[in-house]
Amino acid sequence: MARRDSAYVKLNEFNFGKVKGGSLDVHPTEKALIVQYELEATILGEMGDPMVGERKECQKIIRLKSLNANTDIASLARKVVEECRLIHPSKLPEVEQLLFYLLNRKKSGNDKREKHSPRDLAPFEGLELDEEANINRIDHYVELLYEDIPEKVRGATLILHLARNPDNLEELLQNETALGALARVLREDWKQSVDLATTIIYVFFCFSSFSQFHGQVTHYKIGALCMNIIEHELKRYDLWQDELQKKAANQNVKKEHEKAFKKYQGLLIKQEQLLRVALHLLLNLAEDTRTELKMRNKNIVHTLVKTLDREDEELLVLVVSFLKKLSIFLENKNDMAETYAVEKLARLLPCKHEDLLNTTLRLLLNLSFDTGLRSQMVQAGLIPKLSSLLADESQRQLCMCILYHISVDDRFKSMFAYTDCIPQLMKMLFDCGESPMDPELISFCINLAANKRNAQVICEGNGLKMLMKRGLKLKDVLTMKMIRNVSQHDGPTKNLFIDYVGDLAAQTGVEEREEYVIECLGTLANLTIPDLDWELVLKEYNLVPFLKDRLKPGSAEDDLILEVVIMIGTVSMDGSCAAMMAKSGIISALIELLNEAPAYLIDLMHDKNAEIRKVCDNTLDIIAEYDEEWGRKIQSEKFRWHNSQWLEMVDNRAMGDDGEPFMYGDDGEPFMHNGDILERRDLFYSAGTEGGREGEREAETFSRDSTSSTVQVRREVGR
């Protein structure tokens, strides 16, 4: 028995007899050399004879922390060869060459920063190992997860090295023991070691990079665990900040503060690595909108906005990318408004990190569609910051779109006059020459020109001359629209147009496009200049017949007719021009046109816009006071509208248990706003028909049980 035991022991003895040196290479990210070598292992039998032989490829990493510009490359190479027996002395020249390459590579790396897209997690410290991970030894790595914390970290790191190779993910996924052990260790020990938590989350991040593995990651509830870890780390960060502030305030413990600050820097680096990995994983899982909704319920937006206070640029790129993805949903956008995310984003502009700058601008563009958030942008001082970024061609389009949205609000238009925004825009217009302009550029300029102070800045130098030249030569409608906005402001700006009155009047030819004529005529109509001889202009360009012809019903679109009416009002301020208009018969044409106004106002009486409905109601009341015939028509139309609403409500109550909600569409507006009431023949019954008789009986039935309003319904139906 003893003999068998000794044989058993000897059979498991290894003889690592031969080591063959291999190739040399540089480490891809560190200042280190990698030595590849081959180890020949032999299993000895009972008598010491070799029974089974096995060869294994290994590598050794030689870190060169002292390598810098002052290092003697030749001396360092000799020292490496002497201390590392795996490198043959004959390879000394090769070692020198590799060291020289490492030194130069390090220098070039300082000049140009390595870029990582938000979806690619950059490597971090703590992933290095002296041994190469092997998928065949996965069971051994899992056993390490049951040891102490250092061994757990080592085991998790070895598994991570396997998971970083996509070819191993399928096999790892089938090993439920390994994944279950990783999830258990993370759940139980993440507070004990930041390195352990970071490494295990990184393993699951590798799976989350592929959509088909999201189900397995969700199965182990890694997403929820990551949310808890992130929340805990942010609280720790706040405690660190408070502790540092207390020590900084106490001058007696200055050395203690410096010591604590150094410790804080080290802890902060590791914490931000953990946050990067955890947030990356959550961002990947958020591809599923259901998972994203769960994150939102756990206040993911508040967590991300709080993380914007950090200084690590790679972490900020990730956080802003996550917020950008979330911002397309109304609820998340509202959360960002409540947490004043814009104020924290403004801190990031401008910045030298191109990816961070671009991602921040894209997020701000998403948020700029909201009126309240645009106000926050202005309060955060984003107008001058974005204006300065217009000089950057790579970010110009995004900045211009955000500024365009801000310029829509009249409250903020004047603020652009006190930045270098308008001069830059005018230069862009100059640079376009005769080529088409970007719609964002000219649209932005049109908005800005609606403000008096901005218009003055636009006209400085040869600004107006350049615009008129382009607009008239290219027949550019949008440029003329910008000119028209400039012309509406009183003061010195309006007098600059005297030199261009003739050119504008000449554009009213029959062959010109109607939208182009509208802008030219609108510009002329804005020129209420006392010194301008309108009589001469009307005669020289024969404008009176043109204006009269456009007043005929059906001769032009409503927009052009409106500009003609305004133009007539402008020139009529001159007595001689007013007499000329009266003799031409334009007054009777205006009266005829005015007779059509009540019908148009009646159509607008039920418009979706509350302000339009209010103006129409007030105007129709005035018309009804002075014209009995129109008064009866207006009263009849209002009566019909009232009855149609009642009938629709009654019909809905007959079809549903509670008819009240069915009176309105999804947007809260009555359904009848979308059509003409007079075309709803189903609402009214014809007398003498079977339907009419049934309608009368129904109306009478309702009248017995309803209010006096229903009696009105019966009378109307019986007509």
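Along the sequence shown, residues carry numbers from 1.
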Engineer: Sorted by first residue and then second, give each salt bridge (Lys or Arg N to Asp or Glu O under 4.0 Å) pair with at least one member in residues 614-628; sequence neighbours left out.
Structural biologist: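 Every salt bridge (Lys or Arg N to Asp or Glu O under 4.0 Å) pair that includes a residue of residues 614-628, provided the two are not neighbours, is D621-K638.
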Engineer: Once side-chain contact (heavy atoms from CB on, under 4.5 Å) is applied, do any residues pair with T289, and if so which ones, sequence neighbours excluded?
Structural biologist: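 Here the qualifying residues are F329.
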Engineer: May I have all residue pairs that pass salt bridge (Lys or Arg N to Asp or Glu O under 4.0 Å) and include part of residues 433-443, sequence neighbours excluded?
Structural biologist: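 Matches after skipping sequence neighbours: E434-K473.
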Engineer: Just by modelled atom types, is the I566 backbone N or O under 3.5 Å from a matching donor or acceptor in the T570 side chain?
Structural biologist: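 Flag set: sc T570 to bb I566 pair under 3.5 Å.
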Engineer: Can you sort out the partners of R396 under salt bridge (Lys or Arg N to Asp or Glu O under 4.0 Å), two or more places apart, ordered by chain and number?
Structural biologist: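 Salt bridge (Lys or Arg N to Asp or Glu O under 4.0 Å) list for R396, sorted by chain: empty.
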Engineer: Donor-acceptor pairs under 3.5 angstrom involving side-chain atoms of residues 576-589: please list them, not counting sequence neighbours.
Structural biologist:
{"unit_1": "S576", "atom_1": "OG", "unit_2": "E535", "atom_2": "OE1", "d": "3.0"}
{"unit_1": "S576", "atom_1": "OG", "unit_2": "D574", "atom_2": "OD1", "d": "2.8"}
{"unit_1": "S584", "atom_1": "OG", "unit_2": "M581", "atom_2": "O", "d": "2.7"}
{"unit_1": "S588", "atom_1": "OG", "unit_2": "G585", "atom_2": "O", "d": "2.8"}

Engineer: Applying ring-ring contact (aromatic ring centres under 6.0 Å, His included), name anything that partners F322, two or more places apart in sequence or on another chain.
Structural biologist: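 Scan of F322 (ring-ring contact (aromatic ring centres under 6.0 Å, His included), adjacent residues dropped) gives none.
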Engineer: Return the set of residues passing ring-ring contact (aromatic ring centres under 6.0 Å, His included) with H405 (not counting sequence neighbours), or none when no residue passes.
Structural biologist: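 With sequence neighbours excluded, H405 shows a ring-ring contact (aromatic ring centres under 6.0 Å, His included) to F369, given in chain and number order.
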Engineer: Please list all pairs passing the ring-ring contact (aromatic ring centres under 6.0 Å, His included) test where one or both residues lie in residues 545-574, with sequence neighbours left out.
Structural biologist: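 The answer is none; no pair qualifies.
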Engineer: Which donor-acceptor pairs under 3.5 Å do the side chains of residues 525-532 make with protein atoms, sequence neighbours left out?
Structural biologist:
{"unit_1": "N526", "atom_1": "ND2", "unit_2": "R484", "atom_2": "O", "d": "3.3"}
{"unit_1": "N526", "atom_1": "ND2", "unit_2": "S487", "atom_2": "OG", "d": "3.1"}
{"unit_1": "N526", "atom_1": "ND2", "unit_2": "G522", "atom_2": "O", "d": "3.2"}
{"unit_1": "T528", "atom_1": "OG1", "unit_2": "K494", "atom_2": "NZ", "d": "3.3"}

Engineer: Does one side chain, of Y340 or Q376, offer a donor that lies under 3.5 Å from an acceptor on the other?
Structural biologist: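 Side-chain D/A pair, Y340 to Q376: absent.
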Engineer: Applying salt bridge (Lys or Arg N to Asp or Glu O under 4.0 Å), name anything that partners K475, two or more places apart in sequence or on another chain.
Structural biologist: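 Scan of K475 (salt bridge (Lys or Arg N to Asp or Glu O under 4.0 Å), adjacent residues dropped) gives E512.
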Engineer: Residues in salt bridge (Lys or Arg N to Asp or Glu O under 4.0 Å) with E611, at least two apart?
Structural biologist: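 Checked E611 against salt bridge (Lys or Arg N to Asp or Glu O under 4.0 Å); zero matches.
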Engineer: Tell me, yes or no, whether the heavy-atom count around E515 atom CD, taken from other residues, nucleotides or ligands under 6.0 Å, exceeds 12.
Structural biologist: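 Atom CD in E515 is packed in, count exceeds 12.
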Engineer: For K481, enumerate each residue passing the salt bridge (Lys or Arg N to Asp or Glu O under 4.0 Å) test, keeping only those at least two apart in sequence or located in another chain.
Structural biologist: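 Applying salt bridge (Lys or Arg N to Asp or Glu O under 4.0 Å) to K481 gives E519.
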